[in-house]
Each structure stands twice: as C-alpha cells, then as structure tokens.
Amino acid sequence: MGGQLDVQPRPDIPLLNPMGDFEERAADWLPFAEALTRLVEAAVPLPPEEVPLSEARGRALAEAVRSAVTLPRHPNSAMDGYAIQSDDVEGADAHRPRELKVVGRSSPGRPWNGTLETGQAVRIMTGGPIPTGADGVVRVEDTDREEVAMGRVRVLNDRDRGRHIRPLGEDIREGEVALPAGHGISSGSVALLAGVGRTRVPVHRRARVAILSTGDELVDPATFPHECGDAAIPDSNTPALVAGLDALGCRPHSLGTVPDQEAALEQAIRSGLTSDVLITVGGASMGDADLVKRVLDGLGFELDFWRIRARPGTPFGFGFLPREGDRPQPVLGLPGNPVSAFVTFQLLVRPFILRLMGHSQVSRPTVEARMGTSVTSKGGFRQFIRVTLSGSAGEGWTASPTGPQGSGLVSSIGRADGLAVIPESKETLAPDDPVQVILLGDGPGWPGEPCLAP
Ligand code: AMP
Ligand code: MG
C-alpha cells in the first residue's frame, strides 16, 4: 500500500487534444468553482497509518474513533461543597439553617463508599463521585464550612437542591463515535482522543510533495544578490510553497530552481516522480520560455484542465503524469508570479492536498466584511484582492487592500490577513459594499490576525 497514490485521471473528462502539442490545445478557462470541484474530486486520500497521539495533531483520522469508555464514569460533583439529600435542606436560609452531620469526604479518585442517609452530608470536591443516596450538592459558599462544630455543617440556602451533579455518561458513552473519519486533529481533538482512552490513532499518511520552480532569472535566495547578475531575482515561490505545505503537515521537497531548459526540466520532473504530488511553478503561460507544458507533454502528461477564470491565477493547470508500475502522479501547475502562485496554492492546491491527506474540511474560514475602498475586477472572473482587516466581530470588519495589487508584488501578500472575493458577476465593489473575505492564517500569531471575539 505505502507509496501508492489512489488518484486516477477522470475517464469522463476528455483529453483536449491528446495527440497534439500542449500549447495548441484549446484552454479550458474553467470557472473557479468548477476547477476547485474537479481538483477535490480527483484527490483520493492516501493510505492510513497508525501514529502515537503525540504526533497526531494536524493529521486527519482515517477511521471513526469510538470511545472505549463512558465519561464521566460516575456521577460527580460540579462544585466544591456538600453532597446532600435535597429534602433535608428544603427551606434553609440564614435564619433557619439546616444542620447536617458530615459523614465522609469524596474527591476525584477518592470516592466515599458509604450510603448517605437523611440528615447527613458528605464533603465533596469538584469531580468527586456523588455518594449513593445523595441527590444534590450544596456549594460551600452556602454553608458555614463546618466552622461552628467540626463534623457538622449548617446549610444556609436551599437553592442547590437537586443541582450540581454531572450525570454518568454526560460527555460520551462507550462505543459512541468520538470523532468521525476525515476529522482534522486539533489540540482540542487530542483532549477528546486522550479522554476516551486512545494513545494511538489511525490517520492518513502525510503527502510527499515535490516543488519545481523554473525560470532563468531565478536564484536561490541564499546566494542573492552576491553570486548573480543584475537580471537575477530570488526564488520566493519555493520557500513560500515549502512553508505553505509545511503548515498543512505535508513533507515538501524542492526539486531545485531549474532554468528554462527542456533537458533540465525533464530531469527535474523525472526526479520528482516518486512524490505523491508534483507542483510546478512558473513557465506555464504563453511566453517563449514557458516550457513546462511542453516537457510534461513529452512525458505523456494527461491534462485535466488548464487556465481558470480567476485573478490572480489564470494560467493554473492540472493533470496527471503516467508512472511505470504506479498510479499517475497528479501535477498542479502554478503560474510563476508570486501572488498568482500564492493565491492558487491557498485556494486550489491546499484543498487538493488536504483531501489527499484525508481531511473532510478543506476550505478556509471566511468572514463577512465591508470594503474600505472601491476595487475593480474583470467581469466573468473571480477576483481575489489581498486585504488587511480592521474592526471587530462586534462592530464589523473593514477590508482594505494591502496596496497595489499587481500579481508580481510580494508586498501584497506578505501583510495580508485575507483575500476579499469579487464574484464573477461584479466588476466593481464600492466603499462599504459587503464582501466575503477568506482568512489566510496558517499558524500562531500571523500578522494582523483579527481577534474574532466581539
Ligand atoms: P512565469 O510564470 O515563468 O512566466 O513567471 C511570471 C513572473 O513571475 C516572472 O516575472 C518571473 O520572474 C516571476 N517568477 C517566476 N517564478 C518565480 C519564483 N519562483 N520566485 C519569484 N518570482 C518568480
Ligand atoms: Mg518564467
């Protein structure tokens, strides 16, 4: 099983021109939503493996996890106080306290094993098992705390009759599904899984993702600017993609920054064939140096679609490379412009890879906001404006463009809180118009993280 990728080309999607040159094919110009659907449907989860709970955060469950226990295991107290019989304290107040005999003590892990009789109380701590015979817990503040006479307690209020008992099984019952298959494991999920007795969990394997950046002008940021000419620019897409993939819990692997040469590209692509997925970035448009499609074609690439009605990100492509003795390798071709690469990664590659790793939830959270300034779009395309958010959940969010929105401008993504969506049906949004913003956070303390509390 291991190493196999259960992703198949879709037989219902005809190859546009399987015999011809890639660049001669009609582009699909898929609507954004259809491209996303096709990607997510093509991603069949990787095989399961079992991992210790301590390594499970961020992974997706490969099977539903059922509880090995009923929780709470005993009715227990929600308060520090005295377990009592409610009839004994009926009508109690400061003028007419009810005095009870304290016959024992119950704390978590140290129950009192007797049976409570009328006229008796058991000192009880939060989580302490409720003794047989008790039907309520009087909170300690409503008593004299046994100060007058040790071994006796005066109850000064009867408001807690029948209260503060956490019932057996209130949390979860033995055999009940604690988390369904496909659920992403958060730190909260770890609490639940540990609570129901799991030390190991079945999760989908992490995806091995190869990244190929191409462009004669690109150099490794580590060598920039000292070891290269004026025409060079640092390869910012590879580190950004490695970081984005890392945040998804994948195992990213750079195939290097490859020049626009067919032989070098072919060699790099071949070296990435053992990965679960190949991401190419750059060289995917219509320019003379855009060789990626041609090289892929030479390796028998089966195109699913190329070019989408989204901005930035139009020249996005998706298809499969055949592999000997293995399933075809999914290839996601990203435009080289850093903003286009970033946006298509976040909105198309991310859901594909999350589904590959078994996650049922693959979309980012969104908030409703109002535009701070007017923005324009080319009708018929879904436009994603990089924005910062100000305001609050209570008073409402305002989305303000990060600055110039050119698809080569890394400053527009470096400080963005989210992507404001201009739908295909609109060519402009005016100040104060409502807008949906896709939140971009992928870790603790991301810049400008809006506080979602009111
Ligand atoms: P391409 O998609 O190869 O036509 O590239 C479009 C633009 O993005 C060009 O200006 C490239 O220099 C730039 N670009 C391509 N790849 C990268 C990269 N890895 N890092 C930074 N800029 C890039
Ligand atoms: Mg290029």
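All ligand and atom numbering here is 1-based and tracks the order in the structure. These figures come from a predicted structure and were not determined experimentally.
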**Request:** Please confirm whether Arg311 makes a cation-pi placement over Phe381, using NZ or CZ under 6.0 Å from the six-membered ring centre and within 45° of the ring normal.
**Result:** yes
**Asked** Does the side chain of Asp235 come under 3.5 Å of the side chain of Thr257 through a donor N or O and an acceptor N or O?
**Response** yes
**Message:** Any donor-acceptor pair under 3.5 Å linking the side-chain atoms of Thr238 with those of Ser213?
**Reply:** yes
**Prompt:** Quick one: are Leu419 and Val387 in side-chain contact, heavy atoms under 4.5 Å?
**Reply:** no
**Asked** Contact residues of ligand 1 with a heavy-atom cut-off of under 4.0 Å?
**Response** Ser213, Glu217, Leu218, Ile233, Pro234, Asp235, Ser236, Asn237, Gly282, Gly283, Asp290, Gly336, Asn337, Pro338
**Item:** Closest approach of Ile308 to Ala35 (non-hydrogen atoms, all atoms of both residues)
**Value:** CG2-CB, 3.7 Å
**Item:** Listed partners of Arg59 passing salt bridge (Lys or Arg N to Asp or Glu O under 4.0 Å), at least two apart
**Value:** Glu49
